[in-house]
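One structure below.
Numbering starts at 1 and runs along the sequence shown. Quick caveat: nothing in here was measured; it's all calculated off a predicted structure.
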Amino acid sequence: MLALLAGALLAKCIGSFVLALFDLGARRALGVVYRLHFYFFRDPDPVWCRPARDLVIAPGHGKVDVIDTTTETEFMGGECQRISIFLSVIDIHVQCAPVAGRIAFFRHTPGQYLARMKTDSARFNRNVLIGLDT
């Protein structure tokens, strides 16, 4: 009977220790998720020199992956240049206005969530087109 009580006491102590470790691990994991969320949506002050009047600053903090010509009939009225910027998970996902101006056109296009590596992703993915009147 005494051995049974000693075994129960030992099991209680080991169980409390295991639960405390699990609780600490869960709290740490939650803290990591919390920090990653704020790291992903960070908005630092941009650091760049003042450009000349005729330059346009990149609106995103990613990598320019495509520069090509496209047709945009609603705002530009025809052929125009398209510059595509890819934002990886570690890039800053806050977009800034590339020039001073007034929003003259706004269109949200619902769409798919294709991987960026697919050539049709720019055409079929969800996007927002903002036209600025400078």
Side-chain angles (χ1 to χ4, degrees):
M1 186 71 165
L2 194 57
L4 202 56
L5 285 173
L9 182 63
L10 184 62
K12 180 183 175 196
C13 291
I14 291 173
S16 296
F17 179 72
V18 168
L19 285 175
L21 281 179
F22 177 75
D23 187 41
L24 181 64
R27 262 189 277 159
R28 279 193 179 149
L30 195 59
V32 167
V33 168
Y34 183 76
R35 285 185 191 98
L36 285 175
H37 178 264
F38 280 102
Y39 179 77
F40 184 79
F41 290 106
R42 66 198 184 277
D43 186 11
D45 291 330
V47 180
W48 57 61
C49 299
R50 283 215 180 272
R53 288 184 157 272
D54 57 346
L55 291 182
V56 177
I57 299 296
H61 293 84
K63 177 184 174 189
V64 173
D65 61 349
V66 176
I67 299 175
D68 63 359
T69 304
T70 187
T71 302
E72 200 293 306
T73 57
E74 291 181 62
F75 181 68
M76 297 298 290
E79 195 173 273
C80 59
Q81 192 172 30
R82 177 178 75 104
I83 300 173
S84 174
I85 301 173
F86 173 70
L87 301 175
S88 73
V89 178
I90 60 172
D91 286 322
I92 299 169
H93 280 68
V94 174
Q95 302 295 304
C96 302
V99 292
R102 174 184 73 77
I103 295 177
F105 181 80
F106 182 89
R107 182 188 73 210
H108 172 262
T109 305
Q112 301 174 14
Y113 295 92
L114 299 174
R116 133 182 133 77
M117 283 67 88
K118 297 187 180 205
T119 55
D120 289 341
S121 65
R123 199 169 45 175
F124 295 117
N125 278 355
R126 170 185 164 178
N127 64 71
V128 173
L129 175 61
I130 300 172
L132 296 175
D133 183 16
T134 59

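When all heavy atoms of Asp65 and Phe86 are compared, the closest pair comes out as OD2-CB, 3.7 Å. Nearest heavy-atom pair across Ser121 and Ala115 is CB-O, 3.4 Å.
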Side chain to side chain contact (heavy atoms under 4.5 Å, CB included) between Arg126 and His108, worked out:
CA-CA 8 Å; Arg126 170 185 164 178; His108 172 262; 3.4 Å; yes
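In this structure, the side chain of Asp133 does not engage the main chain of Arg102 through any donor-acceptor pair within 3.5 Å.
Atom OG1 of Thr71 sits about 5.5 Å away from atom CD of Glu79, to the nearest 0.5 Å. Here the NE2 atom belonging to His61 is positioned 13.0 Å from the CD1 atom belonging to Ile90, to the nearest 0.5 angstrom.
For residues 109-134, no residue pair satisfies the ring pair (Phe, Tyr, Trp, His ring centres under 6.0 Å) rule, not counting sequence neighbours.
Inter-residue side-chain proximity for Leu132 and Val99 is flagged as met; some heavy-atom pair is nearer than 4.5 Å. Between Cys80 and Thr70, some side-chain heavy-atom pair lies under the 4.5 Å cut-off.
With side-chain heavy atoms closer than 4.5 Å counting as contact, directly or through intermediates, the hydrophobic cluster containing Met76 also holds Phe75, Phe105, Leu129. Under a 4.5 Å side-chain heavy-atom cut-off, the cluster of Ile, Leu, Val, Met, Phe, Trp and Tyr residues that includes Leu87 is completed by Val64, Ile67, Ile83, Ile85.
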